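Computed from a prediction, not measured in an experiment: that's the story for all the values here. Numbered from 1 within each chain, the chains take letters A, B, ... in sequence-line order.
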Amino acid sequence: MELHQGSLDVEAIFSKWLHEEEASNYGAYIPFVGTIRAEDGIEALSFDIYEPVLQQWFDNWVKKAEELGAKVKMAHAIGDVPVHTSSYISAVFSPKRRVALELIDEFVEDFKANAPIWKYDVKEGKRIYAADRSTPMNGSGLLSK
Amino acid sequence: MELHQGSLDVEAIFSKWLHEEEASNYGAYIPFVGTIRAEDGIEALSFDIYEPVLQQWFDNWVKKAEELGAKVKMAHAIGDVPVHTSSYISAVFSPKRRVALELIDEFVEDFKANAPIWKYDVKEGKRIYAADRSTPMNGSGLLSK
Amino acid sequence: MVKVEFLGPMAQESIELEAKTLADVATQLQKIDSIAAWLDKCAVAVNDQMTADLGMVLKEGDKISILPPVCGG
Amino acid sequence: MVKVEFLGPMAQESIELEAKTLADVATQLQKIDSIAAWLDKCAVAVNDQMTADLGMVLKEGDKISILPPVCGG
């Protein structure tokens, strides 16, 4: 797992991960590259990350992937990420394509639902929490009981 | 669609596709990189391709992706591809992640089932048709009736 | 005359046949032992268009391709 | 004393509380209007471990993190 200030260098990360696993005898490598879309007049998106819990979330996925003979990797941006640049890359390596195709789907969806990352629209230099696109994490509401 | 003699240059293809679409405002880019695994004592795999029918198969997928607001790309090797190098890359670009994740799965699976490509193990320099891993295309058996 | 070509691992020379429909092609190919063994698992293209219509009418010079089981990737 | 911190968009200073269990923390946070409005959609970590156990026993110096709705990627 790697966190970077600002936009990700997509080509560098793709190549680094490729070379890290080039002798591992995996048959399938599926990266997911997330890019900031120009929409609703935003200049950028901006991200806060709580790294200790993110690291644990990621470590759980590393174990889950290992049980399937696979490997997961991820990179995310911290702070402002201008439109048309990348904030998020995750990837799965696996001996077989079925495992890889299923795992990248689950990994990305669980990331969206449970990674402790908060997103803000940046408009006219102001940071506005993306409340309507955000999802309560698993187990939310515990302290309202 | 692009066909290359021998192993694919994975980094060059990944980067080229990234740059081709960098102004297209897609939010998700998912490549699938297929690499030859060292197994059963093979030196390489080797591929025959019937390009006219492959092109039509691919053009149908381009249309199908367009209807979803998405784009597909693919590259494949012709001839011998040594172990630990890449024979196949396909990719999906889409505004939204769900479409991209579902499309890459369907696109890769239909590729395996219906792209007119024949695979051979290369052992001691000899080419042996991978009959047991091959699948009859849709509509097979027409002329046995 | 139509031309029949055998792709990939079939390793069979192309042949020319008199045939009015794909059914005529089927009848003649079924008589050639080295080809007949493949037919139940082969798909068919006419002039590079995949087809599932055994009644398809052929014309002079049509190219018929026989596609054995595939495994790309 | 335990320390409670509010992550991401909650923009709330950390506070210190006397609390024997997470339930004690809940009772006290529910009395602070600017925090109470968030609680039904927030998850909780104790010493950076996510938890779903309201009865969890706390000890001196524990760090409780309140995590509002997320949207990575």
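- C:Ser65 touches chain B through its side chain: at least one heavy atom from C-beta onward sits under 4.5 Å away, while N, CA, C and O do not.
- Between B:Lys112 and C:Gly72, the closest heavy-atom pair is NZ-O, 2.6 Å.
- Here the CG atom belonging to C:Leu22 is positioned 6.0 Å from the CG atom belonging to B:Leu142, to the nearest 0.5 angstrom.
- The CG atom of C:Leu54 sits 9.0 Å away from atom OG of B:Ser144, with the distance rounded to the nearest 0.5 Å.
- Within the 4.5 angstrom heavy-atom criterion, atoms from both the backbone and the side chain of B:Thr135 approach chain C.
- Atoms CG and CG, on C:Leu67 and B:Asn114 in that order, are 10.5 Å from each other to the nearest 0.5 Å.
- The greatest number of non-hydrogen atom pairs below 4.5 Å with chain C, out of B:Gly139, B:Ser140, B:Ala131, B:Ala77, is found for B:Ser140.
- Residue-level contacts of residues 4-12 of chain C with chain B, in order of numbering, are C:Glu5, C:Leu7, C:Gly8, C:Pro9; threshold 4.5 Å between heavy atoms.
- If you measure heavy-atom distances from B:Ala115 to chain C, the contacts under 4.5 Å come from the backbone alone.
- Shown here for C:Cys71 and B:Ser134, the closest heavy-atom pair between the two residues is CB-OG, 3.6 Å.
- Looking at B:Phe32, neither its backbone nor its side chain comes within 4.5 Å of chain C, counting heavy atoms on both sides.
- Contacts of residues 45-52 of chain C with chain B at a heavy-atom distance below 4.5 Å involve C:Ala45, C:Asp48, C:Gln49, C:Met50, C:Thr51, C:Ala52, listed in sequence order.
- One distance of note links NZ of B:Lys145 with CG of C:Asp40; it measures 11.0 Å at 0.5 Å rounding.
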